[in-house]
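Naming: A, B, ... by sequence-line order, numbering from 1 per chain. Because the structure is a prediction, the values reported are computed rather than measured.
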Amino acid sequence: MDMSFKEKSHWISLVSTICIFGYYFYNIVMLAGVPVEEAKDIAKDLLIQAIVLSVLVEIILHTMLAATNHKAAEMGADERDKLFEYRGNQVGYTILVVGVVITLGRIITIEYNPDFADHYSSLQIPLLTAHLLMFSFILSEVARFAVTLFNYRRGY
Amino acid sequence: MAESLIINRIREKRFFADEMTQQELADRVGVTRQTIMAIEKGKYSPSLEVAFKMAEVFECHLDDIFQYQAK
(Lines give C-alpha, C1' and ligand atoms only; values in the text may rest on other atoms or scores of the structure.)
Protein backbone atom coordinates (compact mmCIF):
# COMPACT_ATOMS: atom_id res chain seq x y z
CA MET A 1 0.00 0.00 0.00
CA ASP A 2 1.47 3.34 -1.07
CA MET A 3 1.18 5.68 1.91
CA SER A 4 2.70 9.05 2.68
CA PHE A 5 4.51 9.75 5.93
CA LYS A 6 1.52 11.65 7.30
CA GLU A 7 -0.89 8.85 6.45
CA LYS A 8 1.28 6.31 8.26
CA SER A 9 1.45 8.70 11.21
CA HIS A 10 -2.36 8.88 11.33
CA TRP A 11 -2.63 5.07 11.18
CA ILE A 12 -0.30 4.82 14.19
CA SER A 13 -2.39 7.33 16.13
CA LEU A 14 -5.71 5.68 15.20
CA VAL A 15 -4.66 2.13 16.06
CA SER A 16 -2.86 3.06 19.29
CA THR A 17 -5.79 5.22 20.46
CA ILE A 18 -8.35 2.48 19.76
CA CYS A 19 -6.27 -0.24 21.45
CA ILE A 20 -5.18 1.69 24.54
CA PHE A 21 -8.40 3.56 25.24
CA GLY A 22 -10.57 0.65 24.13
CA TYR A 23 -8.91 -1.39 26.88
CA TYR A 24 -9.31 1.56 29.28
CA PHE A 25 -13.05 2.02 28.66
CA TYR A 26 -13.69 -1.72 28.77
CA ASN A 27 -12.14 -1.83 32.25
CA ILE A 28 -14.06 1.29 33.32
CA VAL A 29 -17.38 -0.34 32.38
CA MET A 30 -16.30 -3.49 34.24
CA LEU A 31 -16.01 -1.39 37.42
CA ALA A 32 -19.81 -1.26 37.64
CA GLY A 33 -20.01 -3.92 40.38
CA VAL A 34 -16.93 -2.89 42.36
CA PRO A 35 -17.34 -0.99 45.68
CA VAL A 36 -17.19 2.78 45.06
CA GLU A 37 -14.05 3.63 47.06
CA GLU A 38 -12.09 0.78 45.53
CA ALA A 39 -13.41 1.59 42.05
CA LYS A 40 -12.31 5.23 42.38
CA ASP A 41 -8.68 4.24 42.89
CA ILE A 42 -8.79 1.69 40.09
CA ALA A 43 -10.38 4.23 37.71
CA LYS A 44 -7.74 6.82 38.57
CA ASP A 45 -4.92 4.32 38.00
CA LEU A 46 -6.45 3.17 34.72
CA LEU A 47 -6.68 6.75 33.49
CA ILE A 48 -3.07 7.54 34.36
CA GLN A 49 -1.88 4.27 32.80
CA ALA A 50 -3.83 4.90 29.59
CA ILE A 51 -2.49 8.46 29.20
CA VAL A 52 1.13 7.54 29.96
CA LEU A 53 0.99 4.47 27.70
CA SER A 54 -0.61 6.48 24.92
CA VAL A 55 2.10 9.17 25.06
CA LEU A 56 4.88 6.56 25.18
CA VAL A 57 3.50 4.50 22.28
CA GLU A 58 3.01 7.62 20.15
CA ILE A 59 6.55 8.85 20.84
CA ILE A 60 8.20 5.46 20.21
CA LEU A 61 6.27 4.60 17.04
CA HIS A 62 6.54 8.08 15.55
CA THR A 63 10.28 8.15 16.29
CA MET A 64 10.65 4.80 14.53
CA LEU A 65 8.62 6.07 11.59
CA ALA A 66 10.66 9.26 11.33
CA ALA A 67 13.91 7.28 11.61
CA THR A 68 12.97 5.21 8.55
CA ASN A 69 12.03 8.28 6.52
CA HIS A 70 14.07 11.35 7.45
CA LYS A 71 13.19 13.41 4.38
CA ALA A 72 9.42 13.04 4.70
CA ALA A 73 9.58 13.66 8.45
CA GLU A 74 11.44 16.92 7.93
CA MET A 75 9.10 18.04 5.16
CA GLY A 76 6.01 17.79 7.35
CA ALA A 77 2.49 18.19 5.97
CA ASP A 78 1.95 19.40 2.43
CA GLU A 79 -1.21 21.18 1.26
CA ARG A 80 -3.11 17.93 0.60
CA ASP A 81 -2.22 16.58 4.05
CA LYS A 82 -3.42 19.84 5.60
CA LEU A 83 -6.71 19.68 3.68
CA PHE A 84 -7.38 16.14 4.91
CA GLU A 85 -6.43 17.09 8.47
CA TYR A 86 -8.78 20.05 8.28
CA ARG A 87 -11.67 17.78 7.22
CA GLY A 88 -10.84 15.37 10.04
CA ASN A 89 -10.67 18.21 12.55
CA GLN A 90 -14.11 19.46 11.52
CA VAL A 91 -15.73 16.09 12.30
CA GLY A 92 -13.68 15.56 15.46
CA TYR A 93 -14.52 18.99 16.81
CA THR A 94 -18.26 18.48 16.20
CA ILE A 95 -18.22 15.18 18.12
CA LEU A 96 -16.25 16.77 20.97
CA VAL A 97 -18.74 19.65 21.26
CA VAL A 98 -21.71 17.23 21.30
CA GLY A 99 -19.99 15.19 24.04
CA VAL A 100 -19.27 18.29 26.15
CA VAL A 101 -22.86 19.58 25.76
CA ILE A 102 -24.28 16.18 26.81
CA THR A 103 -21.98 16.06 29.83
CA LEU A 104 -22.91 19.64 30.80
CA GLY A 105 -26.58 18.69 30.47
CA ARG A 106 -26.01 15.77 32.81
CA ILE A 107 -24.20 17.93 35.39
CA ILE A 108 -26.97 20.57 35.36
CA THR A 109 -29.72 17.92 35.52
CA ILE A 110 -28.11 16.29 38.56
CA GLU A 111 -27.60 19.67 40.21
CA TYR A 112 -31.32 20.52 39.97
CA ASN A 113 -32.60 16.99 40.35
CA PRO A 114 -30.31 14.85 42.55
CA ASP A 115 -32.67 11.86 42.24
CA PHE A 116 -31.68 11.62 38.60
CA ALA A 117 -28.18 10.51 39.59
CA ASP A 118 -29.53 7.70 41.75
CA HIS A 119 -32.06 6.48 39.22
CA TYR A 120 -30.24 6.89 35.93
CA SER A 121 -26.59 6.47 36.83
CA SER A 122 -27.22 2.79 36.27
CA LEU A 123 -23.56 1.99 35.80
CA GLN A 124 -22.65 3.43 39.23
CA ILE A 125 -19.18 4.21 37.95
CA PRO A 126 -17.13 6.61 40.07
CA LEU A 127 -15.96 9.81 38.36
CA LEU A 128 -18.57 9.18 35.66
CA THR A 129 -18.53 12.83 34.52
CA ALA A 130 -14.78 12.69 33.99
CA HIS A 131 -15.15 9.43 32.06
CA LEU A 132 -17.89 10.92 29.88
CA LEU A 133 -15.64 13.85 29.00
CA MET A 134 -12.75 11.47 28.36
CA PHE A 135 -14.97 9.28 26.18
CA SER A 136 -16.07 12.32 24.15
CA PHE A 137 -12.47 13.36 23.70
CA ILE A 138 -11.27 9.91 22.62
CA LEU A 139 -14.26 9.41 20.32
CA SER A 140 -13.55 12.78 18.69
CA GLU A 141 -9.91 11.81 18.24
CA VAL A 142 -10.82 8.46 16.68
CA ALA A 143 -13.29 10.20 14.34
CA ARG A 144 -10.65 12.79 13.43
CA PHE A 145 -8.08 10.13 12.50
CA ALA A 146 -10.67 7.96 10.74
CA VAL A 147 -12.01 10.81 8.57
CA THR A 148 -8.48 11.93 7.67
CA LEU A 149 -7.53 8.37 6.71
CA PHE A 150 -10.76 7.93 4.76
CA ASN A 151 -9.77 10.97 2.68
CA TYR A 152 -6.30 9.54 2.09
CA ARG A 153 -7.73 6.20 0.97
CA ARG A 154 -10.19 7.85 -1.40
CA GLY A 155 -7.33 9.83 -2.79
CA TYR A 156 -8.85 13.29 -3.18
CA MET B 1 -17.30 14.66 -4.53
CA ALA B 2 -17.92 15.99 -8.05
CA GLU B 3 -15.49 14.89 -10.71
CA SER B 4 -12.76 17.46 -11.28
CA LEU B 5 -13.20 19.66 -14.33
CA ILE B 6 -9.49 20.41 -14.37
CA ILE B 7 -7.42 18.15 -16.59
CA ASN B 8 -3.65 18.09 -16.62
CA ARG B 9 -0.71 17.00 -18.73
CA ILE B 10 1.79 16.43 -15.95
CA ARG B 11 2.54 12.84 -16.98
CA GLU B 12 3.38 14.01 -20.49
CA LYS B 13 5.42 16.96 -19.21
CA ARG B 14 7.41 14.66 -16.94
CA PHE B 15 8.08 12.31 -19.83
CA PHE B 16 9.49 15.11 -21.99
CA ALA B 17 11.54 16.44 -19.07
CA ASP B 18 13.96 13.51 -19.26
CA GLU B 19 11.36 11.18 -17.73
CA MET B 20 11.37 13.10 -14.49
CA THR B 21 10.11 10.93 -11.63
CA GLN B 22 7.10 11.84 -9.49
CA GLN B 23 9.43 12.06 -6.49
CA GLU B 24 11.71 14.51 -8.27
CA LEU B 25 8.80 16.73 -9.25
CA ALA B 26 7.39 16.46 -5.72
CA ASP B 27 10.70 17.57 -4.23
CA ARG B 28 10.94 20.52 -6.58
CA VAL B 29 7.44 21.83 -5.91
CA GLY B 30 7.41 21.00 -2.20
CA VAL B 31 4.71 18.34 -1.93
CA THR B 32 4.71 14.58 -1.36
CA ARG B 33 4.94 12.03 -4.17
CA GLN B 34 1.44 10.85 -3.24
CA THR B 35 0.13 14.36 -3.88
CA ILE B 36 1.73 14.44 -7.34
CA MET B 37 0.13 11.06 -8.02
CA ALA B 38 -3.29 12.35 -6.90
CA ILE B 39 -2.92 15.46 -9.09
CA GLU B 40 -1.92 13.38 -12.12
CA LYS B 41 -4.96 11.15 -11.66
CA GLY B 42 -7.20 14.22 -11.43
CA LYS B 43 -8.26 13.33 -7.90
CA TYR B 44 -6.83 16.46 -6.33
CA SER B 45 -6.54 20.01 -7.65
CA PRO B 46 -3.39 21.73 -6.40
CA SER B 47 -3.19 25.27 -5.05
CA LEU B 48 -2.24 28.06 -7.43
CA GLU B 49 1.18 28.21 -5.77
CA VAL B 50 1.95 24.56 -6.52
CA ALA B 51 0.53 24.88 -10.03
CA PHE B 52 2.78 27.88 -10.75
CA LYS B 53 5.79 26.04 -9.33
CA MET B 54 5.08 23.16 -11.72
CA ALA B 55 4.92 25.58 -14.62
CA GLU B 56 8.28 26.94 -13.50
CA VAL B 57 9.79 23.44 -13.27
CA PHE B 58 8.58 22.51 -16.76
CA GLU B 59 9.36 26.01 -18.10
CA CYS B 60 5.97 26.51 -19.66
CA HIS B 61 2.74 28.43 -19.12
CA LEU B 62 0.25 27.31 -16.53
CA ASP B 63 -2.37 26.46 -19.13
CA ASP B 64 0.08 24.17 -20.90
CA ILE B 65 -0.20 21.93 -17.85
CA PHE B 66 -3.69 22.55 -16.52
CA GLN B 67 -6.84 23.15 -18.53
CA TYR B 68 -10.31 23.83 -17.28
CA GLN B 69 -12.97 21.87 -19.13
CA ALA B 70 -16.38 23.48 -18.83
CA LYS B 71 -19.21 20.95 -19.11
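- Heavy atoms from other residues, nucleotides or ligands lying under 6.0 Å from CZ of Phe135(A) number 12 at most.
- Environment of NZ in Lys40(A): sparse, with no more than 12 heavy atoms of neighbouring residues, nucleotides or ligands closer than 6.0 Å.
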(request) List the steps, then state whether side chain to side chain contact (heavy atoms under 4.5 Å, CB included) holds for Ile39(B) with Arg80(A). (result) CA-CA 10 Å; Ile39(B) 297 170; Arg80(A) 186 163 153 268; over 6 Å; no
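- Of the possible donor and acceptor atoms, one in the side chain of Glu79(A) sits under 3.5 Å from a partner among the backbone N and O of Ser47(B).
- For Lys71(A), the part lying under 4.5 angstrom from a heavy atom of chain B is the side chain only.
- One finds the OG1 atom of Thr32(B) at 13.0 Å from the CE atom of Met3(A) (value rounded to the nearest 0.5 Å).
- Among the candidates Asp27(B), Val50(B), Thr35(B), the residue making the largest number of heavy-atom pairs closer than 4.5 Å to chain A is Thr35(B).
- Of the inter-residue distances, the one linking Lys43(B) atom NZ with Arg154(A) atom CZ reads 9.0 Å to the nearest 0.5 angstrom.
- More than 12 heavy atoms of other shown residues, nucleotides or ligands fall within 6.0 angstrom of atom CD in Gln67(B).
- No side-chain heavy atom of Gln34(B) sits less than 4.5 Å from a side-chain heavy atom of Lys6(A).
- Interatomic distance, Arg33(B) CZ to Asp78(A) CG, rounded to the nearest 0.5 Å: 12.5 Å.
- Cluster membership check: Ile10(B) shares its hydrophobic cluster with Leu62(B), using side-chain heavy-atom separations under 4.5 Å among Ile, Leu, Val, Met, Phe, Trp and Tyr.
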